[in-house]
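Presented below is the structure to which this report refers.
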Number of protein chains: 2
Amino acid sequence: MVVSDRIESAPGSSKRSSRKRLAILDAATEVFLRDGYLGTSMDEIATLSSVSKQTVYKHFSSKEALFVEIVSSLTDRTGDAVHAEMPPMQEAGDVATYLEAYGYRQLSIVLTPRIMQLRRLVIGEVSRFPDLARVLYERGPQRAMGELADLFSQLAADGLLAVKDPAMAAVHFNWLVMAQALNQAMLLGDDAIPTPAEQRRAVKEGLAVFLAAYGVKR
Amino acid sequence: MVVSDRIESAPGSSKRSSRKRLAILDAATEVFLRDGYLGTSMDEIATLSSVSKQTVYKHFSSKEALFVEIVSSLTDRTGDAVHAEMPPMQEAGDVATYLEAYGYRQLSIVLTPRIMQLRRLVIGEVSRFPDLARVLYERGPQRAMGELADLFSQLAADGLLAVKDPAMAAVHFNWLVMAQALNQAMLLGDDAIPTPAEQRRAVKEGLAVFLAAYGVKR
DNA sequence: ATGCAACTAGACTGTCCAGTACCGATGTGT
DNA sequence: ACACATCGGTACTGGACAGTCTAGTTGCAT
């Protein structure tokens, strides 16, 4: 029920065993993301990973455990990708330019079929797996806005932004940049994910509003 | 698969029949919202509505048809509630005051357990029922932003707002006001729905940013 | 009150699925 | 090359569920 069970492969860690384990994880990821928790059968996972059902159960004690493992791992990897080091505002001395790059980076990483499917899956299972959703929230939007808030604090201290409440500014920036695209993609499917050009435009426009409120006049 | 079948009750519209029909719809709404499409059984719906399974199938040809009916009807009713006539900016001659009321109204109507559950349900079923999700998108956010765009057009014509692209301004206003609360409620569950006081604050803060970008200086 | 449509109860079919059991085959470390 | 853990195939158990069927019951309109 909870996030756990990330301790190597429990049985012998022979090469074969971990190869199988990976195959199972890959197949399960694909099927769960496509068909949801209840819509997925363990037989399908076994078949798709070219592994016997027995082997699946040797690695994962139950469907639920496998599901939790998949979602946790995807969530973590995604979070790390989003928050890989962003070069902290070097020669792009222009705040606007820097924030535009920052926003576009976030948007383009998040607006991926994979991540959209994960979000839909987790949201659809909120009542069955509230812990998974909470973790996704914390490792996702919350973490992103936390880092943004830190950034804005710094920029405010440097006199480059007029930010009184960094957390609030982070919320505004984050959603000015991402909300429309995200909401569209969530409901209209992966085909509604904006093109890079559209993403850039959304970031520019959102940033303009943000700077009107939080920029320093010069 | 598609939205249809809203023509009275197909069999004789005796009082009893329509009473049963309503009971079924009520029970099905509750169960589907709670347990999702696959997680719901027709037996449970029958039991909860104190009706025999046979009667359920006399009114709705299949589980899928019942589901579509429920979701469509909920979507429509919600859309109508959100877009019931808003007194068009009378004595509250102040644009800010008016927009604050407008925003708060939207937020407080949308941030309801019922509607959050509906959104989660539909999002979780995007790949199984893409039409339902599309309808929810159109009757929900798209419609709201459409009306906002009209409003902004008018206000711009009256010289009360500096809006060049009403649709874009609508997107910004909508998400500045709603995104944070909505995203939180989607992932953290109904208990994370902000209190009215918090909602008011979010609207005020979002509106301030909006007006910094789109307000007319005076 | 009477006839008929609508309803109830529950059994039933066919299918699907999580999880287990068994056994013969196979790859791995030594 | 050998021994043994691991694996594949497959069948099985127990239970759930969509949808159907039947036979008897109930409530509504006339």
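Chain naming here is simple, since letters A, B, ... match the order of the sequence lines and numbering starts at 1 in each.
A search for side chain to side chain donor-acceptor pair (under 3.5 Å) contacts involving A:Ser49 returns nothing, not counting sequence neighbours. Scanning for side-chain contact (heavy atoms from CB on, under 4.5 Å) contacts around A:Ser61 gives A:Ala65, with sequence neighbours left out. Listed by chain and number, the residues in a side chain to side chain donor-acceptor pair (under 3.5 Å) with B:Glu125 are B:Arg128 (sequence neighbours excluded). B:Ser41 meets the side-chain contact (heavy atoms from CB on, under 4.5 Å) test with B:Asp43, B:Glu44; sequence neighbours excluded.
Within the structure, a side-chain polar atom (N or O) of B:Thr55 is placed less than 4.0 Å from OP1 or OP2 of C:dT8. For the OP1/OP2 pair of C:dT8 and a distance below 4.0 Å, the side-chain nitrogens and oxygens of B:Lys20 include at least one atom meeting the criterion. Side-chain nitrogen and oxygen atoms of B:His59 include none within less than 4.0 Å of the OP1 or OP2 phosphate oxygen of C:dA6. For D:dC28, one of the phosphate oxygens OP1 or OP2 lies less than 4.0 angstrom from a side-chain nitrogen or oxygen of B:Arg19.
Note on the helix from C:dA1-D:dT30 to C:dT30-D:dA1: angle between the axes of the first and last five pairs equals 30°, rounded to 10 degrees.
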Show me the side-chain donor-acceptor pairs of residues 25-39 of chain B shorter than 3.5 Å, one per line, residues at least two apart or across chains.
from	atom 1	to	atom 2	distance (Å)
B:Thr29	OG1	B:Leu25	O	2.7

Which pairs would a plain distance check flag for residues 195-202 of chain B, meaning a side-chain donor or acceptor within less than 3.5 Å of a matching protein atom at least two apart in sequence or in another chain?
from	atom 1	to	atom 2	distance (Å)
B:Thr195	OG1	B:Glu198	N	3.2
B:Thr195	OG1	B:Glu198	OE1	3.4
B:Glu198	OE1	B:Thr195	N	2.8
B:Gln199	NE2	B:Pro194	O	2.9

Taking distance alone, no hydrogens or angles, what donor-acceptor pairs closer than 3.5 Å link side-chain atoms of residues 111-119 of chain B to residues at least two apart or in another chain?
from	atom 1	to	atom 2	distance (Å)
B:Thr112	OG1	B:Ile109	O	3.0
B:Gln117	NE2	B:Asp190	OD2	2.8
B:Arg119	NH1	A:Asn183	OD1	3.4
B:Arg119	NH2	A:Asn183	OD1	2.8

Where do N or O atoms of nucleotides 14-19 of chain D meet protein N or O atoms at under 3.5 Å, pair by pair?
from	atom 1	to	atom 2	distance (Å)
D:dA18	OP1	B:Thr40	O	3.0
D:dA18	OP1	B:Lys63	NZ	2.9
D:dA18	OP2	B:Met42	N	2.8
D:dG19	OP2	B:Tyr57	OH	3.0
D:dG19	OP2	B:Lys63	N	2.9
D:dG19	N7	B:Lys53	NZ	2.7
D:dG19	O6	B:Lys53	NZ	2.8

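Using a 4.0 Å heavy-atom cutoff across all strands shown, A:Thr47 reaches no nucleic acid atom at all.
Remark: the B:Thr78 side chain and the B:Thr75 side chain contain no N/O donor-acceptor pair separated by less than 3.5 Å.
Applying the 3.5 Å distance criterion, the base of C:dA21 shares a donor-acceptor pair with the side chain of A:Gln54.
Regarding A:Leu48, its CG atom lies at a distance of 14 Å from the P atom of D:dG8, rounded to whole Å. For the pair A:Arg21 CZ and C:dG27 C1', the computed distance is 20 Å after rounding to whole Å.
The six-membered or imidazole ring of A:Phe152 lies near that of A:Phe173, with a centre-to-centre distance under 6.0 Å.
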